[in-house]
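Below is one structure, written out as structure tokens, with a few remarks after it.
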Amino acid sequence: MILQDMIGSIVLAGVSLVGLIFLVVISQAGKPADEAASRKAAHSAGVFQAWLFVVLLVGFVGGSWATLRSLPIPVQTADLGADQVVEVLGGMWYWVLTPDTVPAGSLIEFRVTSADVNHGFGIYGPEGHLLTQTQAMPEYTNRLLYTFDQPGTYTVHCLEYCGIGHAPMKTTFQVTATGGN
Ligand code: CUA
């Protein structure tokens with residue numbers, strides 16, 4: 001299962017759980033309380049809160065570590081040691097990739113800049129999932145490293161609102177099988 005679909009399912013499960021808790025709370029509301037039972041309930045709620053806090057804390061720290069450990073943004077000043085460099089120019093409203101064909105399995109460095117305003121350079125795979133992205137900024141070059149696993153037709157979409165032509169601001173490029181062209 002693709003990571004984005006997996007995260008989508010986890011979010012859906014979490015939202016459903018919250019909804020279920022709401023339904024339980026609503027169904028319990030309005031019932032008469034007796035003192036011993038409500039003291040017991042308050043104690044259980046306290047224990048539950050303490051456990052919930054621990055679980056959320058561990059989840060937050062663990063999740064942050066797991067997802068931020070490998071920052072996808074390479075060092076911008078050093079030689080990145082890429083196999084091939086692709087110059088990327090974004091403008092209102094077009095993309096120019098030079099060259100527009102790259103081999104699969106090679107480390108590609110995209111040098112991304114803009115001719116006018118800020119654009120968002122987002123690369124989508126043949127299945128339509130966002131793979132990687134960076135900003136296309138005027139008078140500045142952002143460097144993005146990526147290795148394509150599969151040959152195919154990849155699409156670039158603009159991910160930063162840049163005027164009336166923002167939505168159709170896209171292009172495609174080819175990833176060829178290793179050694180082919
Ligand atoms: Cu370019 Cu939005």
Side-chain angles (χ1 to χ4, degrees), residues 1-16 18-19 59-60 62-181:
M1 190 188 262
I2 286 173
L3 186 65
Q4 282 154 324
D5 294 336
M6 210 157 74
I7 291 171
S9 305
I10 291 170
V11 170
L12 190 66
V15 169
S16 306
V18 170
F60 175 75
S64 299
W65 177 80
T67 54
L68 296 176
R69 184 165 49 110
S70 61
L71 191 69
I73 301 165
V75 179
Q76 295 292 304
T77 47
D79 179 5
L80 299 180
D83 299 314
Q84 188 174 336
V85 172
V86 175
E87 302 287 346
V88 178
L89 179 69
M92 294 157 83
W93 289 281
Y94 57 86
W95 293 107
V96 181
L97 274 65
T98 317
D100 62 0
T101 300
V102 295
S106 296
L107 185 61
I108 310 297
E109 176 187 337
F110 293 92
R111 292 186 184 156
V112 183
T113 191
S114 166
D116 36 52
V117 300
N118 266 33
H119 301 276
F121 176 72
I123 298 178
Y124 289 75
E127 263 103 64
H129 286 102
L130 179 63
L131 301 175
T132 186
Q133 61 89 29
T134 191
Q135 286 275 303
M137 300 157 69
E139 295 175 27
Y140 190 84
T141 300
N142 276 308
R143 303 201 292 173
L144 183 68
L145 280 178
Y146 198 78
T147 301
F148 298 95
D149 296 332
Q150 298 296 327
T153 301
Y154 288 69
T155 307
V156 174
H157 286 280
C158 184
L159 299 180
E160 179 82 44
Y161 183 70
C162 56
I164 195 83
H166 161 72
M169 182 175 165
K170 59 183 172 184
T171 190
T172 57
F173 64 95
Q174 299 301 317
V175 174
T176 57
T178 314
N181 195 12

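Treat the numbers as computed from the prediction; the structure is a model and nothing was measured. Counting starts at 1 for both ligands and their atoms, in listed order.
- Surrounding CG of Leu68 are more than 12 heavy atoms belonging to other residues, nucleotides or ligands, all under 6.0 Å away.
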Please determine whether side chain to side chain contact (heavy atoms under 4.5 Å, CB included) holds for the pair Glu109 and Leu145, giving the CA-CA distance in whole Å, both sets of side-chain angles, and the decisive distance to 0.1 Å.
CA-CA 5 Å; Glu109 176 187 337; Leu145 280 178; 3.9 Å; yes
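- Of all protein N, O or S atoms, those under 2.8 Å from atom 2 (Cu) of ligand 1 number 4.
- Partners of Ala167 by side chain to side chain contact (heavy atoms under 4.5 Å, CB included), not counting sequence neighbours: none found.
- Residue pairs meeting the salt bridge (Lys or Arg N to Asp or Glu O under 4.0 Å) criterion with at least one member in residues 78-91, sequence neighbours excluded, are Glu87-Arg111.
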For a quick test of your reading: what N or O donor-acceptor pairs under 3.5 Å do the side chains of residues 117-133 make, sequence neighbours left out?
{"unit_1": "Asn118", "atom_1": "ND2", "unit_2": "Gln135", "atom_2": "OE1", "d": "2.9"}
{"unit_1": "His119", "atom_1": "NE2", "unit_2": "Asp116", "atom_2": "OD1", "d": "2.8"}

Checking Tyr154 against Tyr146 for the ring pair (Phe, Tyr, Trp, His ring centres under 6.0 Å) test, could you report, in this order, the C-alpha distance in whole Å, the side-chain angles of both residues, the deciding distance, and whether it holds?
CA-CA 13 Å; Tyr154 288 69; Tyr146 198 78; 8.0 Å; no
